[in-house]
Amino acid sequence: MRTIPFVTALLLPLTAMAQDRGPILDDVTQSHILPRFAQLAEATQQLKAAAEAECAADAPGLRDAYHAAFDDWISASHLRFGPTETGDRAFAIAFWPDTKGFTPKALSQLIAADTGLDDPDAFAQTSIAGRGFFALEQMLYDPAFAATGEAEQRCAVIRAITTDINRNADAIAEDWQSYALVLTQPGADSPYRSDEEALQELFKALSAGLQFTSETRLGRPLGTFDRPRPNRAEARRSGRALRHVELSLVALRDLAARLSVDHPDIATSLDAGFNKAITRAQKLEDPVLAGVATPQGRLRVEALQQEINDLRAIVATELGPTLGISAGFNSLDGD
Amino acid sequence: MTTRRHFLAGLAAATLTPVRGWSAAGAPDFLAAGLFPDGFYRLAGLDAGGTILFSLPLPGRGHAAAAHPHRTLAVAFARRPGTFAQVIDCTSGTVTRQLHAPEGRHFYGHGVFTADGDQFFTTENDYEAGTGVIGVWDTATFTRIGEFSSGGIGPHDMRLMPDGDTLVIANGGIETHPDTGRSKLNIPTMQPRLTYLDLSGAVLEHVELPQALHKNSIRHLAVRADGLVGFAMQWQGDLTEHPPLLGLHRRGEAPRLLTAPEADQSTLQGYAGSIAFAAGGDAIAITCPRGDALHLFDVDRGTLIAAHALTDVCGLGTGPDGLIFTTGTGQFGTAQGRRAKTLSALDCQWDNHLIPIRAFG
């Protein structure tokens, strides 16, 4: 029994040294990360322009631009390190879950306020709960806000939010131009001291992304059998809950494929697992996951959640060790 | 294993006042939970040399335990979000009671007895409200006799202050809900705090960190005989930042944050698992299982004394000399100043915490 950890300890660094991690870091950065944030900056620019053109909550151009930009955020939202975390930009773009109902409170205050909405710097200092896509969703789709305050004031709030989303998306995309260098060239001038550390950051993005989709995007509406919580589904007001599950899986499939490129057998099982889960999500035809409240619908959502958990197991037990992720008893516990 | 080492450790332990009652259980110095080769999670009683005096099976992975001040009772907690804890008679090795969290609550994995041992307090999550609660239990029968607010969200570790009248609580600030497993629901708005309550739950003092550190979850505690509180933190922000993971606080004063030089601090991955004062109280340490390190600091100067490299180290307690640590690879050892040595290496995986039964130091 004692020899097993000893042998593992000897072999891991050798395996790590035997492989050049540079190509994977370059590939993920150039082909997975940078295009996503460039696309988000572009889509949020169009969202801002749409709100400038017409800011009624039911304006088709505004709603289309909202969906398009939100899609691009969800497709990038697993990349939670570096530029997205500076100044809590990612949280300001998407404040969810909102367990204490901060967003409607913040929006009511913004609608009641007379100043500051046309000053992007001042707006950026307001609560993150009243900013970002989830605040915008309530302004566009929640009947409670369709009639709150004057139309002009509601319009100003919508424009302030879209401008703020675009500012944050631009800032992330711009910062990534330099952060791409520190991620792909670890060392003394980088927060990552080695290729392994940079790779571990990407691995964490994959595993945390899967965890969030399984435990939070699906787990929150699932609740318990006795007490399902369909009203806790993500972005249900605009009918996007299932779409977020699908978009996140598609994005994570791409990242998983790039991280497993040196291990074809693992890549194959990951790809099969992702395809199975994505197909199942597409077949659910339940955009707001309302089915969690019925026994039959619930089974189908639970089956999807199980498939994502199976993927998490492959990622943790098969992919992780190839990237030098320690599987310590306490280091993985997180308590 | 060297006999001499055990002999010396035994000598050191013998000079301490025995704890009434506990000698009947083979006089363990520490309790620790772990995963054993037979596949069972067990709660073990150990002497200061790292020899297992007894071990009792647990129903699942353990987290921490609390030892009764004089009866040979320990309460063992499952890792969160567990809804029950076991009262174990360490003399007979039997489970004498179970504590069940009330409907809508779960335990966080830590608890503390009053000085006379008549009451027991548990940190709990009121997960629909998303607020922290302290449960109060009568230890004659381990029935629940009351509860009060923990003064924050996500209370984790809790200690009794030396005055015997004050609880200090690590309100970690992180909201979780059993429906979403261990997922953290409120990182952007989290506000950890150290809270002092009297035994009826009245708030005596809240201590918060500067806003730039609001994602530094205060999780584990150590208390020195003069009331100085050490707290260990877990960083929930961007891991390219390396904030302090150890703080010191004295009632009525501002907290002091201790950090190692950047080259060492940057290896810790923002995570401290346990904290304890060394014997004598002049030094304090945190264990960092993600950075495979034990960092020992001088309390007065606030400077790093030594960074010990120890794979998957997490359990930590005050020892007869210096500190005792345990690791997820089965090691049990001492750290004193710049020296660290293994006293026993067992074929088990020690869990997060090491619980001293008697007050060393």
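Reckoned from all heavy atoms, side chains included, excluding hydrogens, waters and symmetry mates. Computed from a predicted model, the values in this text were never measured in an experiment. By convention in this document, chain letters (A, B, ...) are assigned in the order of the sequence lines, proteins followed by strands, and residues within each chain are numbered from 1.
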*Asks:* For residues 150-159 of chain B, give me every residue with a non-hydrogen atom less than 4.5 Å from any non-hydrogen atom of chain A.
*Replies:*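 Checking residues 150-159 of chain B against chain A gives B/Ile153, B/His156.
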*Asks:* Quick check on B/Gln269 against chain A: is it the side chain, the backbone, both or neither that has a heavy atom closer than 4.5 Å?
*Replies:*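 Interface part for B/Gln269: side chain.
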*Asks:* Taking it one step at a time, do B/Glu175 and A/Thr99 satisfy side chain to side chain donor-acceptor pair (under 3.5 Å)?
*Replies:* CA-CA 9 Å; B/Glu175 183 181 350; A/Thr99 59; 2.7 Å; yes
*Asks:* In terms of heavy-atom pairs under 4.5 Å, which option from B/Thr267, B/Val313, B/Thr287 contacts chain A the most?
*Replies:*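 Answer, by heavy-atom pair count under 4.5 Å with chain A: B/Thr267.
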*Asks:* Is it the case that atom CG in B/Asp38 sees more than 12 heavy atoms from other parts of the structure closer than 6.0 Å?
*Replies:* yes
*Asks:* Looking at chain A, which one of B/Leu185, B/Ile187, B/Thr311 has the largest number of heavy-atom pairs inside 4.5 Å, strictly under?
*Replies:*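 If we count pairs closer than 4.5 Å to chain A, B/Leu185 comes out on top.
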*Asks:* Select, from B/Arg182, B/His177, B/His353, the one with the greatest count of heavy-atom pairs under 4.5 Å involving chain A.
*Replies:* B/Arg182
*Asks:* Looking only at heavy atoms, which of residues 91-98 of chain A get nearer than 4.5 Å to chain B?
*Replies:* A/Phe91, A/Phe95, A/Pro97
*Asks:* Would you indicate whether B/Phe40, at its atom CZ, is surrounded by more than 12 heavy atoms from other residues, nucleotides or ligands within a distance under 6.0 Å?
*Replies:* no
*Asks:* Around atom CD of B/Glu103, are there more than 12 heavy atoms from other residues, nucleotides or ligands closer than 6.0 Å?
*Replies:* no
*Asks:* Are the side chain of B/Gln234 and the backbone of A/Asp335 linked by a donor-acceptor contact shorter than 3.5 Å?
*Replies:*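 A pair under 3.5 Å: yes.
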*Asks:* So, the side chain of B/Asp238 versus the backbone of A/Gly82: is there a donor-acceptor pair under 3.5 Å, distance only?
*Replies:*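 Yes.
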*Asks:* Let me know if B/Glu128 has heavy atoms under 4.5 Å from chain A in its side chain, its backbone, both or neither.
*Replies:*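 Contact with chain A involves the side chain of B/Glu128 alone.
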*Asks:* Mind listing the closest non-hydrogen atom pair of A/Ile128 and B/Pro188 along with its distance?
*Replies:*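 What the structure gives for the nearest pair is CD1-CB, 3.2 Å.
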*Asks:* So what's closer than 4.5 Å to chain B heavy atoms on A/Glu197: side chain, backbone, both or neither?
*Replies:* neither
*Asks:* Side-chain contact test, heavy atoms from C-beta onward, threshold under 4.5 Å: evaluate it for B/Lys215 versus A/Asp88 and give yes or no.
*Replies:*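 Answer yes - side chains close enough.
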*Asks:* What's the separation between atom CG in B/Asp179 and atom CZ in A/Arg229, rounded to the nearest 0.5 Å?
*Replies:*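 Reported value, rounded in 0.5 Å steps: 6.5 Å.
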*Asks:* Is any side-chain heavy atom of B/Leu239 closer than 4.5 Å to a side-chain heavy atom of A/Phe81?
*Replies:* no
*Asks:* Between OG of B/Ser183 and CZ of A/Arg220, what distance do you get to the nearest 0.5 Å?
*Replies:* 10.0 Å
*Asks:* Any non-hydrogen side-chain atom of B/Thr180 less than 4.5 Å from a side-chain atom of A/Phe212?
*Replies:*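 The answer is no, as the side chains (C-beta and beyond) never meet within the 4.5 Å cut-off.
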*Asks:* Given a strict heavy-atom distance threshold of 4.5 Å, which part of A/Tyr192 is in contact with chain B: side chain, backbone, both, or neither?
*Replies:* side chain
*Asks:* Going by heavy atoms in the side chains, are A/Glu201 and B/Thr240 under 4.5 Å from each other?
*Replies:* yes
*Asks:* Side chain, backbone, both or neither: which part of B/Arg79 has a heavy atom under 4.5 Å from chain A?
*Replies:* side chain
*Asks:* Would you confirm whether A/Lys100, through its side chain, and B/Asn186, through its main-chain N or O, come within 3.5 Å as a donor-acceptor pair?
*Replies:*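 Between the backbone of B/Asn186 and the side chain of A/Lys100 there is no qualifying donor-acceptor contact (under 3.5 Å).
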